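Comments concern the structure below.
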Amino acid sequence: MNRPMDRFSQLEFGDEKTPQGRQSRDVPARDAEYYRREATKYWLAADYEVALRNYSRVLEQNRTSFEGWSGQVLMLIELGEYREASVWADKALELFPEHPELLALKALACARDARMEQAVAYSDNSVGKDNLTPRVWLTRAEIFLHRKGPIAEGCINKAISCAGDLAPIVKLEAGRLLSRKHNYTIALQYLRDAAQNLPRSPVAWYELGCCQARLGLPEAVHSLEQCLSLRPDWSEAQKMRRKVENKGFFRRLLGN
Amino acid sequence: MRCPRCEFENIPGQARCIRCGSILEAGSQVIEIYPPRMPAWRKPFRDAIRCMRGWRVVPEKPPTAIRREFDRIASGHLAGLVLGIVPGLAHLLNGRFREVRLFVLLWFIVLGAGLFLSGSGTATLLIGLAIGIHAWIAVRDSLFKDITNLVERVGAILIVLVALALLYWITPHVVAPGFAGGRISTNIPAMDIHEGDYLLVRRLADVDDLLARGTLVLIHPETLRNARRELNVDPGSVTIGQIVALPGETVHVEDGAYVVGGRVLDASRFPVPRWLQGHPPRADIFVPARSYFVSSEYRVAGHGPMTVTDQMITIICIVNASDIRGQAFMQWWPLSRRRFIEQTHG
């Protein structure tokens, strides 16, 4: 399909002719794949709003892109909009019926919204499907961790084993999950791996820094500095670094 | 036509994939691709509910039996109208609050403004408007689902409107039975109270408690009705009066001022009403036990000329303690003079 501006591309303005193709060599083609990469980049930088916008752009290019739909749902969950995520997962399930990843995302939205009965039901449903994705096992692990079940780590291992190239991201997710559930020692291993394999991701360094800080490790400062060097404007990381360095407001106020 | 999900080659024209059921041709139908978003103000409320749900304070969802029963009841028009007593409740329970949220907000603002300005003509207008919005919300949920005829809709709105007007009239008496309001018909310069001001009145805790001189009181309408029967006093014109003499004291009027027990009262604090200035009592009027001398601009002799005798003054102005409905505690209208009334002593 021609783009709206294509019909003007052959017009000549004076003698200044830009060599054809120069622009296309400098600027990458803004197709669905480009926006998907951008979305992943912003997701790993914890800029979920921008990531969500990029996933919407993926869908503008290709409305049947599964990554676009699942990415939108995941970003809504990351933004804490669980009901909206749930509604949107339903919408995506109309396009991709019974897709295990969408069912898992719906389960995740329910679990984070403290609707555990529904979360378990959706998770059970997703595990019963074929072609399981790491998200299915990560969600399962989160539900088990919430119930303080012992098999959560098995689910995480399964997620990593079926992740393939996405293993660093899955490890990062697993680390975040364990860290959220206060299992810092196990989380630290996954987060170290994630930070090593995703050195350009502020989230990986931030989560590693937080986990190290919780365990009282001095490396936390270095990890948070790495994070801030990648994304200097991240207020949460700045706050965490101040906390780690004992330079919080009350510390300064008390003169310690 | 290849399925985007399972890559199965389907027959052209097929809407969904035969193998996996995915939608094949997205372009043939409008698919919304922008997700719904949560307004920022809602976040703390959701967080609070989530916490409560996490601590099992509120259930994840109502038990199925209760929900089914509610759905069955709520599907009827009458139930919809009954739930409509609280604006937006029926919509909220049916998960459709979004449809009427602006109306509910508008109702809230209009009603709030009406209550704030109560006692003025604008307030009547605003409360009327609030009733109209309320009726619209109630009818929108229950009757408009089935009624499409314009005349029937107008009829339904009118019926609901009348019912709600009745409800709005009853509600203050049920919710706050101890409070009332009324207009004063006397000027009291010392208290910066003028004729026509709207005062709020609180019911007396104990009718046997002795009220202070100068207290502004609302008299039970029945007392005035009795007076009307005998002396042609217009009960509609009188609401709030001022206690001038206490039980056991004597009153008479001299040079435009009350003289109580031989002491002349300040006319700016205890003004003598016009009708009494024209016909002052010839002898001292004695105030019996459990009664007060309540001064007000009673419209005596509203129907034709008549002579005001001491006996008539006694009947009108001596009010039994049990006939006093309440004590004025706040000057509500006009807005510029809104304040609590200082309780006088002696």
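Quick note on labels: first sequence line is chain A, next is B, and so on, each numbered from 1. Note that the structure is a prediction, hence the values are computed from the model and not measured.
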### Task
Side chain from CB out, backbone as N, CA, C, O: work out which of these in A/Arg112 comes under 4.5 Å of a heavy atom of chain B, or both, or neither.
backbone
### Part of A/Leu59 within contact of chain B (heavy atom distance under 4.5 Å)
both
### Message
Heavy-atom cut-off 4.5 Å, strictly under: side chain, backbone, both or neither for A/Phe96 against chain B?
### Response
both
### Query
More than 12 foreign heavy atoms under 6.0 Å from CG of A/Asp233: is that the case here?
yes
## Note on the structure
Separation between CD (B/Glu32) and CH2 (A/Trp88), nearest 0.5 Å, reads 5.5 Å
#### Entry: Over all atoms of both residues, closest heavy-atom pair of A/Leu52 and B/Pro35
CD1-CG, 4.0 Å
### Message
Which atoms of A/Glu98 are under 4.5 Å from chain B, going by heavy atoms: the side chain, the backbone, both sets, or neither?
### Response
backbone
### Query
Given a strict heavy-atom distance threshold of 4.5 Å, which part of B/Arg46 is in contact with chain A: side chain, backbone, both, or neither?
side chain
### Task
Step by step, work out the side chain to side chain contact (heavy atoms under 4.5 Å, CB included) result for B/Arg42 and A/Glu81.
CA-CA 10 Å; B/Arg42 205 174 274 178; A/Glu81 299 177 17; over 6 Å; no
### Task
Return the minimal non-hydrogen interatomic distance between B/Ile33 and A/Gln72, and the atom names on each side.
O-NE2, 2.9 Å
#### Entry: Side chain / backbone / both / neither for A/Leu93 at chain B, heavy atoms under 4.5 Å
neither
### Message
Under 4.5 Å from any heavy atom of chain B, what part of A/His99 do you find: side chain, backbone, both or neither?
### Response
both
### Task
Look at atom CZ of B/Phe8 and say whether more than 12 heavy atoms of other residues, nucleotides or ligands are closer to it than 6.0 Å.
yes
### Pair A/Leu79-B/Arg37, side chain to side chain contact (heavy atoms under 4.5 Å, CB included): steps then yes or no
CA-CA 10 Å; A/Leu79 286 163; B/Arg37 300 305 305 275; 3.3 Å; yes
